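Let me begin by presenting the structure, written as structure tokens, before commenting on it.
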Number of protein chains: 2
Amino acid sequence: MNVRTLCLGILAFDEASGYEIKKAVEDGMFSHFIEASYGSIYPALTQMLADGLVSVREQAQEGKPLKKAYSITEAGRKALKNSLHELPQQDKFKSEFLFQALFREQVDPQHLEAVFNGQMEYLYDELSTIEECRQSLEPGSGHAFVNGYGHAVVSAAIQYMEESRSSLGLLARKPISSDAAE
Amino acid sequence: MNVRTLCLGILAFDEASGYEIKKAVEDGMFSHFIEASYGSIYPALTQMLADGLVSVREQAQEGKPLKKAYSITEAGRKALKNSLHELPQQDKFKSEFLFQALFREQVDPQHLEAVFNGQMEYLYDELSTIEECRQSLEPGSGHAFVNGYGHAVVSAAIQYMEESRSSLGLLARKPISSDAAE
DNA sequence: CCTCACATGTAATGAGTTACATGATTGG
DNA sequence: CCAATCATGTAACTCATTACATGTGAGG
């Protein structure tokens with residue numbers, strides 16, 4: 001999938017600026033598909049505007065820079081549908097974290113711990129994000145499946161990692177912040 | 001992560017040719033990290049040979065083309081360790097399959113079904129591959145964690161998808177082949 | 001006879017990232 | 001005062017993919 005298709009997909013739900021698209025891909029409702037940087041999003045929008053797949057509404061904001069709100073056009077919806085039908089049929093689980101885990105005996109123990117904890121942090125974060133998303137959702141939408149799938153997979157990853165912690169020679173995770181004595 | 005690091009990692013376990021590396025990345029023990037094509041593997045090996053990170057032993061095989069067995073050198077092991085320490089600390093779940101699922105109402109129902117079944121096929125395949133890998137493993141190796149993690153995650157994905165099948169308006173999966181009545 | 005598995009490699013192309021470039025406003 | 005957030009965009013660069021190029025042997 002390319003950034004154009006990603007942007008069209010986001011715009012199919014609601015109009016958005018390049019900046020907003022980036023945020024949605026980074027953190028928000030559209031963070032589960034592919035990554036995209038400003039350097040790819042802005043050119044994609046410019047190009048799609050030239051191709052008539054999106055239209056733009058410029059909003060002057062007092063005290064803020066010009067904001068360009070892009071909307072998808074009918075041609076854009078057709079292009080999106082088309083792209084959707086041409087996406088590869090399978091998508092594979094790949095993980096660079098696992099690559100690092102594979103060589104755990106070759107890296108410094110403290111680095112291994114940092115990597116492990118970094119991944120854990122991401123997974124717990126992801127889980128909260130999904131929970132949040134779930135609440136602002138009409139039931140039955142495509143987002144429900146996405147979030148359910150994400151929840152199932154991330155939970156399983158967390159569980160397996162917590163179980164493996166000791167066998168990897170790692171300590172239990174340190175308390176996140178100063179928590180009162182118990 | 002780049003293809004160079006991937007190749008070094010594979011060679012750290014055993015010597016291999018470009019062809020064998022490709023196979024291992026496609027199907028085998030190293031299929032869980034990143035993808036790599038011949039067009040990236042061969043140049044990577046050539047370059048690393050020039051850089052002294054690997055050495056080569058040419059094997060003339062009767063009736064078969066020349067085979068180049070690459071081995072990692074001491075410099076290569078250092079470079080690998082170095083790369084390992086520079087890899088990003090978090091790796092995110094991304095799925096284009098989910099993107100398609102998000103727009104399930106915009107695509108043809110038969111296409112949706114094909115995509116869903118295609119993904120299912122991949123997941124079941126993956127699970128068998130992992131089971132196979134598990135058997136040819138010394139316990140306690142890095143591979144054990146990789147396979148355990150993979151198993152946990154893939155199983156969770158399968159379970160969620162099977163549960164969601166009906167709510168997506170899809171039929172139960174058709175029997176894979178002629179199976180005897182039971 | 002034809003296709004698949006084995007085996008190595010190159011060149012054109014493409015798609016994206018990173019870093020650069022600019023600038024206002026808000027909050028600590 | 002400094003950092004972060006909002007906001008848009010370009011150019012150099014990197015990295016990998018695709019398609020091309022070549023050749024043998026085995027099995028159906």
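These numbers come from the heavy atoms of this one structure, side chains and all, not from hydrogens, waters or symmetry mates. Because the structure is a prediction, the values reported are computed rather than measured. Chain naming here is simple, since letters A, B, ... match the order of the sequence lines and numbering starts at 1 in each.
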Given [options], the nucleotide with the shortest approach to the side chain of [X]:
{"X": "A:Asn2", "options": "C:dA15, C:dA7, C:dT17", "answer": "C:dA15"}
{"X": "B:Lys67", "options": "C:dG9, C:dG16, C:dT8", "answer": "C:dT8"}
{"X": "B:Pro43", "options": "C:dA7, C:dT10, C:dT17", "answer": "C:dT10"}
{"X": "A:Glu35", "options": "D:dG9, C:dT17, C:dT8", "answer": "C:dT17"}

Where do B:Leu6 and B:Val25 come nearest, in terms of heavy atoms and distance?
->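 Taking every non-hydrogen atom into account, CD2-CG2, 3.7 Å.
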Nearest heavy atoms of A:Ala69 and A:Gln59, plus distance in Å =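 Distance-wise, the nearest heavy atoms are CB-OE1, 3.9 Å.
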To the nearest angstrom, how far is [X] atom [atom1] from [N] atom [atom2]?
{"X": "B:Gln47", "N": "C:dG9", "atom1": "CD", "atom2": "P", "result": "14 Å"}
{"X": "B:Lys22", "N": "C:dA5", "atom1": "NZ", "atom2": "P", "result": "12 Å"}
{"X": "B:Ile41", "N": "D:dT17", "atom1": "CD1", "atom2": "P", "result": "8 Å"}
{"X": "B:Tyr38", "N": "D:dC20", "atom1": "OH", "atom2": "P", "result": "18 Å"}
{"X": "A:Ile34", "N": "C:dG16", "atom1": "CD1", "atom2": "C1'", "result": "10 Å"}
{"X": "B:Tyr42", "N": "D:dT17", "atom1": "OH", "atom2": "C1'", "result": "16 Å"}
{"X": "A:Met1", "N": "D:dT17", "atom1": "CE", "atom2": "P", "result": "18 Å"}
{"X": "B:Lys94", "N": "C:dT17", "atom1": "NZ", "atom2": "P", "result": "11 Å"}

Whether [X] contacts [N] is assessed here as follows: a side-chain N or O lying under 4.0 Å from the phosphate OP1 or OP2. Is that the case?
{"X": "B:Ser37", "N": "D:dA16", "answer": "no"}
{"X": "B:Thr46", "N": "C:dG9", "answer": "no"}
{"X": "A:Ser17", "N": "D:dT8", "answer": "yes"}
{"X": "B:Lys68", "N": "C:dG9", "answer": "yes"}

Separation of A:Gln106 CD from B:Asn82 CG (nearest 0.5 Å) =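 The distance works out to 13.5 Å.
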So, do B:Leu102 and A:Phe33 sit near enough that their side-chain heavy atoms are less than 4.5 Å apart?
->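 Yes, close enough: below the 4.5 Å cut-off.
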Give a yes or no on whether the backbone of A:Asp91 and the side-chain of B:Gln119 come within a donor-acceptor separation of less than 3.5 Å.
->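 Side chain of B:Gln119 to backbone of A:Asp91: a pair is present.
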